Amino acid sequence: MCCSTSAPTSAAIRSSLRRAVGRGSRNVKLVPHVIARSDADVQKAYRRFVAQGFEGAMVKDLDAGYAPRRSNNWLKLKPVKTLDGKIVG
């Protein structure tokens with residue numbers, strides 16, 4: 001048999017991306033990632049990313065591929081900023 005039929009692992013994909021992007025790219029940047037095992041892990045990572053200055057976090061179903069449309073497989077978590085005020089006129 002000449003070829004493997006197993007899907008590449010997340011680590012193999014990131015390693016390949018690191019080689020392709022390199023350290024000098026201005027257009028593409030690999031950002032930190034965490035594999036969360038619970039809601040608490042997601043919240044902890046989210047708070048850390050926001051504290052580090054990131055806009056928020058992307059949460060993805062590890063078994064789902066990319067689809068060019070909205071779905072529940074990829075979710076963006078970011079802080080909500082509100083402003084309370086009075087309207088006078």
Side-chain angles (χ1 to χ4, degrees):
M1 183 168 269
C2 73
C3 306
S4 172
T5 58
S6 62
T9 64
S10 176
I13 292 169
R14 287 192 67 80
S15 177
S16 179
L17 285 171
R18 255 189 239 98
R19 284 192 307 275
V21 171
R23 295 190 185 271
S25 176
R26 292 181 300 200
N27 300 320
V28 177
K29 180 180 179 184
L30 294 178
V31 296
H33 74 284
V34 173
I35 296 178
R37 306 273 184 228
S38 67
D39 289 344
D41 288 349
V42 171
Q43 291 299 321
K44 182 178 176 184
Y46 165 76
R47 286 191 298 272
R48 189 180 68 207
F49 292 154
V50 171
Q52 292 173 347
F54 290 101
E55 180 181 340
M58 293 298 296
V59 179
K60 175 188 182 300
D61 177 347
L62 288 178
D63 295 326
Y66 175 77
R69 64 185 181 285
R70 291 183 184 264
S71 78
N72 289 331
N73 294 330
W74 291 68
L75 301 174
K76 183 187 290 185
L77 300 178
K78 59 188 218 179
V80 175
K81 296 180 183 178
T82 62
L83 176 65
D84 293 330
K86 291 183 181 180
I87 300 175
V88 295

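As the structure is a prediction and not an experimental result, all values here were calculated from the model.
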Looking only at heavy atoms, which two atoms of Phe49 and Ala57 are closest? And how far apart? CD1-CB, 3.8 Å

Would you indicate whether the side-chain heavy atoms of Arg48 and Val34 approach each other to under 4.5 Å? yes

Hey, what do you get for NZ (Lys78) to CD (Glu55), rounding to the nearest 0.5 Å? 4.0 Å

If you define the side chain from C-beta out and look only at heavy atoms, does anything of Asp41 sit under 4.5 Å from Ile35? no

Given side-chain contact (heavy atoms from CB on, under 4.5 Å), test Leu77 with Val50 step by step and report yes or no. CA-CA 10 Å; Leu77 300 178; Val50 171; over 6 Å; no

Least distance between heavy atoms, Ser71 atom then Leu75 atom: O-CD2, 4.0 Å

To the nearest 0.5 Å, atom NZ of Lys60 lies from atom CG of Asn72 at 13.5 Å

